[in-house]
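Everything numeric in this text was worked out from a predicted model, so none of it was measured.
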Amino acid sequence: MRKTIQTNEIILLLLLCILLNSVTNSISESSIEYETYMNVSDTKKTLTGEPIYIDGDTQLLTSNLLGDGTEEKPFVISGLTINGNYTEGDSSTIYSLIEIRNVNYYLHIKNCNLIRGYQGISLSNTPKVVLSDNLIQNNQVAVSIGNSGGTIMQESIYKISNNTIINNVDGMFIGGSASLKIENNYIYNNSEGIIGGISVSNVPNALIQDNKIVNNTGSGININIMCSDLHIVNNTIIENEEAGILVSDNSFIKINDNSISSNGWCGICFFEVLNSTVRNNTIFNNNLGYGATTGGIALKDSSYNTIQWNDFISNINYTCSSQAYDDRGSRNIYDHNYWNEWTSPDENLDGLVDTPYEISTRDRYFQDDHPLVYSRLYTLSLPKIISPNAKELLQDKVKILWKIASDSLNSSVKYSVYYSYISNGSPSNWTTIEEEIPTTNILWDTNTLPDGNYLIKVTAVSSLEVKVETISDSIYTINNTVIYNTSDTIISNSNTNQIFNSSGLLFIEILPILCLFVLFRRKFD
């Protein structure tokens, strides 16, 4: 019988060891991060580090590039680092780091680091090109795309995506393209050029979307002549020295869902623009550079345009009394926009200000007949109270902690905290604990307060003067009369997932105890 018991105990120990080994292996496997690597250096090594110049299809076919030139398998230039060491005025230095001319095959230029050329990438009469995931920096011109005489090649299709374009004199210049898509690029700190961030001309069908265009000396996006049916969508355009978006001598331009802020001129400038729309944009804090154009949006010699459902917030006005300016235009429509200095009265509570918002003009009359009381696009989240816990009994000094009030425009936020004593089941007046603090927690000294039930309120106010507030969901009880022995109190933040999780720590901690138990039994048996 004793041998049978010992045998069972040994079997139990073996089973537990197997279980422990299984759990340990599970932990080891779960900690491995699997990554898929893509070989970006799929260009022939003979091209690595050297500037590339290709003129014509014949030269392309003998250039050792991978691919067959079809749309499904384009010729690829990839994984190169080319430093041209360009010096302005020195004719012996490299002009373009990658220059492709007169080529009719499909090309893909990707994952290249192009530094200090006169032009980083130059494409001329080469209509079928994708540029993606390149770092283009410290060039005179980062990307230049054009055709002879500025004509449009009907088959020209360009896609420029996921590139980082920084510290160049000019960012992008694109002209003479039948179809163009510029998306998900970071265009930063390009200086001293009239092009600035992105300049587009003579492109009848283009989409510019999801780009971040920041701190360029020119305008963020500059749309020149003959660019009808162009869409500018969901871009972040901030801190450019001139306009956020500058459009001149064009028609049928659509500017939707962009965030345009802190630019030196106005957020959006129209010069001789017809039949275009500006909708659902957040336009705030523009005209920081005392520019000739003013406010959130300025129209000059422009007609039949619609400005609708936008947020205009704190755009600076030096020459007019409104955030919009319209000079010598006709039949422009301003409707259902939010103007943060014009939000009342709204006596019938329909969400529209009862009096129109007047647009500053020279010799025409414009107004927004339906200005919105509330912003549609700007949000300031509630500073929800995290602690103290509603079930806690409060004594002495208590830490009050709340969630950050997230500001969709990244403006600064300050908080104020209040308490209210519950008398006869309802709160009394609110008393200040602390006001206008930048942090999300305070220490509340309850020693001077009478025992009883209390509510806590936290308000958040952004620098755009938008205010939200949160009142605690439950009532807190303060009791400083009875002193509790904290050593008798068990505080646990544990939950099932913390105690018994996929790491198997519970088994690892219990196993030694089981082993000791078995040995203990054997000793006394």
So do the side chains of [X] and [Y] get within less than 4.5 Å of each other, counting heavy atoms only?
X      : Y      : result
Val200 : Asn222 : no
His231 : Gln209 : no
Leu372 : Val353 : no
Thr355 : Trp342 : yes
Val169 : Asn190 : no
Ser387 : Trp402 : no
Ile260 : Ile238 : no
Thr277 : Asn305 : no

Please report the interatomic distance [atom1]([X]) to [atom2]([Y]), rounded to the nearest 0.5 Å.
X      : Y      : atom1 : atom2 : result
Asp326 : Lys300 : CG    : NZ    : 11.0 Å
Ile115 : Leu135 : CD1   : CG    : 7.0 Å
Glu242 : Asn216 : CD    : CG    : 10.5 Å
Ile136 : Ile165 : CD1   : CD1   : 4.5 Å
Ile237 : Ile268 : CD1   : CD1   : 8.0 Å
Thr306 : Arg279 : OG1   : CZ    : 5.5 Å

Notebook entry, point to check: Within 45° of the six-membered ring axis of Tyr186 and under 6.0 Å from that ring's centre, is NZ or CZ of Lys212 located there?
Noted result: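 Verdict for Tyr186: no cation-pi partner in Lys212.
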List the atom of [X], the atom of [Y], and the distance in Å for their closest heavy-atom pair.
X      : Y      : result
Ile208 : Leu230 : CD1-CD2, 4.4 Å
Ser276 : Ile253 : OG-N, 2.9 Å
Asn138 : Asn168 : N-OD1, 3.2 Å
Ala243 : Cys269 : CB-SG, 3.8 Å
Tyr334 : Tyr325 : OH-O, 4.5 Å
Ile471 : Leu455 : CG2-CD1, 4.3 Å

Using modelled atom types and a 3.5 Å cut-off, is there a donor and acceptor pairing between side-chain atoms of [X] and backbone atoms of [Y]?
X      : Y      : value
Asn286 : Asn263 : yes
Asp354 : Glu347 : yes
Asn480 : Thr446 : yes
Asn189 : Ile166 : no
Asp311 : Asn280 : no
Ser472 : Ile456 : yes
Ser322 : Ala324 : yes
Asn281 : Asp257 : yes
Asn315 : Asn285 : yes
Asn258 : Asn235 : yes

Check: Hey, is CG on Asn429 packed in by over 12 heavy atoms from elsewhere, all under 6.0 Å?
Finding: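 Open: at most 12 neighbouring heavy atoms sit under 6.0 Å from CG of Asn429.
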Next item on the list: Inspect the surroundings of NZ in Lys467 and state if more than 12 heavy atoms from other residues, nucleotides or ligands are less than 6.0 Å away.
Entry: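 12 or below, so no.
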Next item on the list: Test Phe284 against Asn340 for side-chain contact (heavy atoms from CB on, under 4.5 Å), laying out the working first.
Entry: CA-CA 10 Å; Phe284 69 102; Asn340 72 305; over 6 Å; no
Next item on the list: Any chance you could lay out the salt bridge (Lys or Arg N to Asp or Glu O under 4.0 Å) test for Glu435 and Lys414, step after step, and finish with the verdict?
Entry: CA-CA 8 Å; Glu435 283 187 307; Lys414 290 187 177 181; over 6 Å; no
Could you pull out every donor-acceptor pair under 3.5 Å between side chains of residues 378-385 and any protein atom, sequence neighbours left out?
| from | atom 1 | to | atom 2 | distance (Å) |
| --- | --- | --- | --- | --- |
| Tyr378 | OH | Asp407 | OD2 | 2.4 |
| Tyr378 | OH | Ser462 | OG | 3.1 |
| Ser381 | OG | Ser406 | N | 2.6 |

Notebook entry, point to check: Name the one of Asn134, Thr164, Asn163 that satisfies side chain to side chain donor-acceptor pair (under 3.5 Å) with Asn185?
Noted result: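 Considering Asn134, Thr164, Asn163, a side chain to side chain donor-acceptor pair (under 3.5 Å) with Asn185 is found only for Asn163.
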Notebook entry, point to check: Should Ile283 and Ile313 be marked as a side-chain contact (heavy atoms from CB on, under 4.5 Å) after you check the CA-CA gap, both sets of side-chain angles, and the distance that decides it?
Noted result: CA-CA 6 Å; Ile283 305 168; Ile313 302 172; over 6 Å; no
Using a distance-only test with no angle check, is there a side-chain donor-acceptor pair under 3.5 angstrom linking [X] and [Y]?
X      : Y      : answer
Ser161 : Asn184 : no
Gln137 : Asn139 : no
Asn453 : Thr477 : yes

Checklist line | Of Trp444, Tyr476, Trp430, the residue whose pairing with Tyr419 passes ring-ring contact (aromatic ring centres under 6.0 Å, His included) | finding: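 It is Trp444; the other options fail the test.
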Note to self: For Asp335 and Gln308: C-alpha separation, side-chain torsions, deciding distance, then whether side chain to side chain donor-acceptor pair (under 3.5 Å) applies.
What the structure shows: CA-CA 5 Å; Asp335 186 53; Gln308 188 177 43; 3.2 Å; yes
Margin query: Check the orientation of Trp339 and Tyr357. Use parallel for under 30°, tilted for 30 to 60°, and perpendicular for over 60°.
Written below: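 Trp339 and Tyr357: parallel rings.
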Item checked: Chi angles and distances behind the side chain to side chain donor-acceptor pair (under 3.5 Å) call for Asp369, Gln367 -> CA-CA 6 Å; Asp369 290 323; Gln367 65 181 28; 2.3 Å; yes
Next item on the list: For Arg376 and His336, run side-chain contact (heavy atoms from CB on, under 4.5 Å): C-alpha distance rounded to whole Å, both residues' side-chain angles, the deciding distance at 0.1 Å, then the answer.
Entry: CA-CA 10 Å; Arg376 297 177 59 249; His336 281 88; over 6 Å; no
Notebook entry, point to check: Which is it for Thr236 and Asn211 under the side-chain contact (heavy atoms from CB on, under 4.5 Å) test, yes or no, and what are the steps along the way?
Noted result: CA-CA 6 Å; Thr236 300; Asn211 300 282; over 6 Å; no
